[in-house]
Amino acid sequence: MFFELVSRNSKRSRKENGLFFASLLISIVAFYNILSLSKQDVMIFLTKLESAAVNKLLTMIPLFYGMTLFILFFLVYFASKFQLERRKHEFGIYLMMGMRRSKLIFMLLAEDFRSSIMALFTGLPIAILLSEFISLVTARLVGLGIVGHQISISFQAILWTAIGFYLIKLIAFIILSGKIARQEIGSLLVETPEGAKKDLPSIVYALALSVGVIFLAAAYGMAISGLAWHEVDKMGLTLILGFTGTLLLFFGFRVIMGFLAKRSGNDQKLLAFTFRQLQENVIHRSTTLAISSLLILAALCCFGAGVAIAQFYSESEEHVLDYTFDSTSQDMAVVKETLASQKLDLLFSELFEMRVGYIRSAEDYSNAFQMNSVMEYLSRMPESDDRNVLLNNFSYETYPHLISLSGYNRLLSIAKKPTIELMEGEAAVYMDTGFVSPAKLEMLNQILAQNPEVQIAGENYHLVGTVQSTDLVTDSSITLSFALIVPDTDFERFTVNDYDIYLNAVLNPEQVAGKSLLRAILEANEKLDAAGLIYESYLQNMGRQLFYIVAASYITIYLAIIFLIIANTIIGVQFLTWQQKTGRRYKTLIRLGASYETLCYSAGKQIRWYFGIPTAVAAISSIFGIRALFSGLLSSRTKNNIPAMIMISAAMVLLLCVVECIYMVAVKKSGNRYILSLMVPEREE
C-alpha cells in the first residue's frame with residue numbers, strides 16, 4: 001500500500017510539474033555530453049594533432065561540471081520547494097490520519113528517488129544518441145566523413161552524471177522534507193497568503209529605471225569599444241555597471257506596470273487586475289527577474305557567439321592542397337630525391353613548387369616598392385573606416401613578398417579557378433582573406449580595374465586583374481597580408497635567386513577512393529614519417545579549425561543550455577508560486593462571476609509579460625553582448641568577418657526566443673490547470 005502511494009504520487013508529480021521534469025532531462029543530457037567529450041571520435045582525433053590545446057580544454061570540464069552542479073542545486077531546491085508547498089494540505093491530512101513524521105520524510109525521499117531514476121533512465125539514452133549525433137555532425141563540418149566510426153559509450157560519464165544529478169536532488173529533498181515534517185498540522189492545512197510589501201513613491205521607481213538605463217548604456221559602450229578588455233579593473237567596472245543597471249532597471253519596472261494599470265479601461269476584461277498582479281509580482285520578484293534576465297543574456301551570448309565562431313571556422317578555409325614540404329626546415333633537393341627513390345611521389349597526383357621571396361635587387365629595401373597611385377585612388381574614395389585602414393596599412397607595404405606566377409597558376413588550376421595572364425611590366429596583387437574584408441576587397445578591385453602604376457625596385461609596373469587570395473600552402477598559419485605575383489623571369493631577377501620553396505602536393509584520387517580523406521591522409525602520414533620527411537598536412541590545418549569548432553560549439557552551447565534551463569525554470573516556478581499565493585484573489589473573482597476563460601486569459605497575459613520582460617531585456621542586451629564578445633575574443637584577422645558573424649548570432653538569438661515561447665506555453669498550461677482546480681467549490685477546513 002505504501003509503495004503504491006509512492007508510485008502514484010511520483011507519477012502525479014511528474015505530470016503536474018512537467019516543466020521541471022523536462023528541465024531535469026535536459027540537464028542530464030547536457031551533463032553526459034560534456035563529461036563524455038574526451039571519448040568522442042572528434043576529440044580522439046584532435047588529441048593526435050592538437051594535444052596541448054585539447055588537454056587544456058578537457059581540464060576545464062570538471063570545473064564546468066562542478067559549477068553547473070552548484071547552480072542546479074538551487075534550481076532543484078526552489079523548484080522542489082514550490083512542488084512541496086502545493087502539497088502542504090495533503091501532508092497535513094497524512095499526519096492527521098496517523099502517519100508518523102519519519103514515515104512522511106521517507107515517503108518524500110522515495111518519491112524523489114523514483115522520479116530521479118525515471119529521469120536518468122529517460123535522459124541517458126537520449127544523451128548517448130545525441131552525443132553520437134553531435135560527434136558525427138562536427139566531423140562532417142570539416143569533411144572528415146563517416147568512416148571507421150564506432151559508437152562509444154562513456155560509462156564514467158554515465159556514473160558521474162548519475163552521481164551528480166542524484167546528489168543535488170537528495171540534498172535538496174532532505175532539507176525540504178525535513179522542513180515540511182517539522183511544521184505543525186494546522187500550518188500545513190491552512191493556506192498562508194503572500195505577505196504585503198511596502199510601496200515606495202513612484203519617483204523612486206522612475207529614478208531607478210532611468211539610472212539603470214544609463215548604467216547599462218555605459219556598460220555596453222565600454223564593452224563594444226574594447227575598453228573593457230584592456231585592463232582587469234575596467235572589465236570589473238563594466239560588469240558591475242551591467243549587473244547594477246539590470247537590477248535597477250527591473251526594480252523600476254513597477255512604475256511602468258502602475259501606469260499600464262491606471263490606463264486600463266473598464267471595457268477590457270480584468271485588465272486592471274492583470275497589471276496590478278504584474279505590478280506586485282515585479283516588485284516582489286524584481287531581483288529574481290533581473291538575475292533570470294542576466295542568465296538568459298548569458299545563454300543568448302554563449303549560443304549566438306559560439307555558433308557564429310564555429311560556423312566561421314568551419315567555412316573559413318577552402319581545401320585545395322593536402323601537403324606542403326617547406327625548404328626552410330630541410331633541403332628541397334633531398335625531399336624530391338627521397339620521394340622519388342621510395343616511390344612516395346606516386347601518392348600524389350600533383351607535386352609542384354610554390355616560390356616566395358623578397359625584393360632583393362633594390363639598393364634601399366625600405367623603398368623597394370612604391371604604390372603612390374594606389375594611395376591617391378584610395379584617398380579620393382569616400383571617407384570610411386575601411387578606406388582609412390587600407391591607407392594606413394599600405395603606407396607600410398614598402399618591402400612586400402613576391403610570388404612566382406607559374407606556381408600560383410598551378411595552384412589556381414588545381415582549385416579550378418581562372419589562371420592569371422601577365423604581360424611584360426604587369427603584376428597581380430595577393431592578399432590573404434584574413435587581412436581583407438569583402439568591403440575592402442571591393443574597393444581594391446575598383447582601383448585595380450584602373451591598372452594603377454607602381455614601382456618595383458625602381459621599375460614601372462601596372463597592377464592588373466583582381467585581388468588573389470587562394471592559400472599558397474597547406475598550413476593556414478603561413479599567410480601574407482600583401483604580396484605581388486610577377487612572371488617567373490621577373491621573380492628570379494628581383495629575388496636574385498634567393499627565395500623560399502614550398503613543395504605543394506595533392507593526394508592521388510586512387511589513395512582516397514573508398515575511404516575518407518581523414519583515413520587517406522593518416523595512411524600517407526605513416527609512409528612520410530617513415531621516410532623522415534618534414535611536412536605540413538591538411539590534417540594539421542583541419543585540426544586547428546576543428547578544435548576551434550569544438551571549443552566554441554560544445555562549451556558555449558553547453559553553457560547556453562544550462563543558463564537557459566535555470567533562468568526559465570526559475571521564472572516559471574516563481575510565477576506559479578505567486579499564482580498559488582494569490583489564490584484567494586482568483587477565488588474571489590470566481591465568486592463575483594468571473595469565468596474560467598476570463599481568468600485563463602488574465603493569467604496568460606501575466607505569463608507573457610512576466611516572461612517577456614526579462615527575455616526582451618536579455619535579447620536587446622545580447623545584441624551588444626555578442627558584439628562585445630567579438631571585440632574582445634576575436635583576432636584582428638577574424639574581426640573582418642564580424643558583420644557576417646553578427647547575422648548568424650542574430651538567427652541563433654531568434655531561435656532561443658522561440659524556445660522562450662515554448663516555455664511560456666508550458667507555464668500557461670500549468671497555470672490553467674491550477675485555475676481549473678479553483679473552479680470546483682472546496683470545503684474550508
Side-chain angles (χ1 to χ4, degrees), residues 44-56 142-144 316-358 360 401-404 406-408 410-411 414-415 430 432 434 470-481 483 491-492 495 497-512 515-548:
I44 294 173
F45 162 68
L46 276 176
T47 304
K48 301 176 182 178
L49 303 176
E50 299 288 330
S51 58
V54 170
N55 290 334
K56 289 181 180 179
V142 289
L144 290 178
S316 59
E317 303 291 342
E318 60 178 341
H319 176 211
V320 179
L321 303 170
D322 294 321
Y323 286 92
T324 296
F325 302 89
D326 190 350
S327 66
T328 60
S329 57
Q330 58 196 329
D331 191 335
M332 195 55 61
V334 175
V335 172
K336 294 180 180 179
E337 182 181 350
T338 303
L339 290 174
S341 62
Q342 300 191 25
K343 297 184 179 180
L344 295 177
D345 54 346
L346 298 178
L347 295 172
F348 310 114
S349 61
E350 298 285 348
L351 198 63
F352 65 97
E353 291 183 354
M354 180 66 67
R355 296 182 291 173
V356 180
Y358 283 103
R360 303 188 184 278
H401 283 88
L402 297 180
I403 303 171
S404 64
S406 60
Y408 193 79
R410 186 79 172 272
L411 176 67
I414 296 172
Y430 176 89
D432 187 88
T470 304
D471 289 338
L472 301 178
V473 293
T474 300
D475 187 2
S476 62
S477 66
I478 304 175
T479 56
L480 301 178
S481 60
F491 176 83
E492 293 174 357
T495 60
N497 290 323
D498 183 6
Y499 47 80
D500 295 326
I501 299 176
Y502 299 93
L503 188 63
N504 290 327
V506 179
L507 279 176
N508 195 315
E510 296 177 359
Q511 299 294 322
V512 187
K515 63 186 76 169
S516 69
L517 179 63
L518 165 62
R519 180 68 59 186
I521 294 181
L522 287 176
E523 291 177 356
N525 285 355
E526 294 177 0
K527 298 177 181 179
L528 295 173
D529 290 338
L533 296 175
I534 302 174
Y535 58 87
E536 283 282 351
S537 73
Y538 176 60
L539 285 188
Q540 273 77 27
N541 186 24
M542 183 170 57
R544 297 184 187 96
Q545 286 180 262
L546 188 54
F547 173 76
Y548 289 124

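Since we're looking at a predicted model, the values are computed, not measured.
Smallest separation of non-hydrogen atoms from L344 and A531: CD1-CB, 3.7 Å. When every heavy atom of S349 is checked against every heavy atom of L507, the shortest pair comes out as OG-O, 3.4 Å. Residues L347 and K527 come closest through the heavy atom pair CD2-NZ, 4.0 Å. Annotation for Y535 and D529: closest pair OH-OD1, 2.8 Å, computed over non-hydrogen atoms. When every heavy atom of L503 is checked against every heavy atom of M332, the shortest pair comes out as CB-SD, 3.6 Å. The nearest pair of heavy atoms linking N508 to L346 is ND2-O, 3.7 Å.
The environment of CD in E337 is sparse: at most 12 heavy-atom neighbours from other residues, nucleotides or ligands sit within 6.0 Å.
A tilted orientation is assigned to the rings of Y358 and H401, their planes being inclined by 30° to 60°. Relative orientation of the Y499 and F491 rings is tilted, given thresholds of 30° and 60° on the angle between their planes.
In this structure, the side chain of T324 does not engage the main chain of Y502 through any donor-acceptor pair within 3.5 Å. Of the possible donor and acceptor atoms, none in the side chain of Y408 sits under 3.5 Å from a partner among the backbone N and O of L472. R410 contributes no side-chain N or O that, together with a main-chain N or O of F352, makes up a donor-acceptor pair within less than 3.5 Å.
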For this session: For side chain to side chain contact (heavy atoms under 4.5 Å, CB included), just list the numbers for V506 and L321, CA-CA rounded to whole Å, side-chain angles, deciding distance to a tenth of an Å, and then say yes or no.
Result: CA-CA 5 Å; V506 179; L321 303 170; 4.1 Å; yes
Problem set entry | side chain to side chain contact (heavy atoms under 4.5 Å, CB included) assessment of L351 paired with L339 | CA-CA 10 Å; L351 198 63; L339 290 174; 4.1 Å; yes
For this session: Verify side chain to side chain contact (heavy atoms under 4.5 Å, CB included) between L480 and I403, making sure each step is shown before the conclusion.
Result: CA-CA 10 Å; L480 301 178; I403 303 171; 4.2 Å; yes
For this session: Apply side chain to side chain contact (heavy atoms under 4.5 Å, CB included) to D322 and T474, showing your working.
Result: CA-CA 6 Å; D322 294 321; T474 300; 5.9 Å; no
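Interatomic distance, CG of N504 versus CE of M354, reported as 5.5 Å (0.5 Å rounding). Note: I501 CD1 to D326 CG = 10.5 Å, rounded to the nearest 0.5 Å.
Checked by atom type, the side-chain pair N525/Y323 shows a donor-acceptor distance below 3.5 Å.
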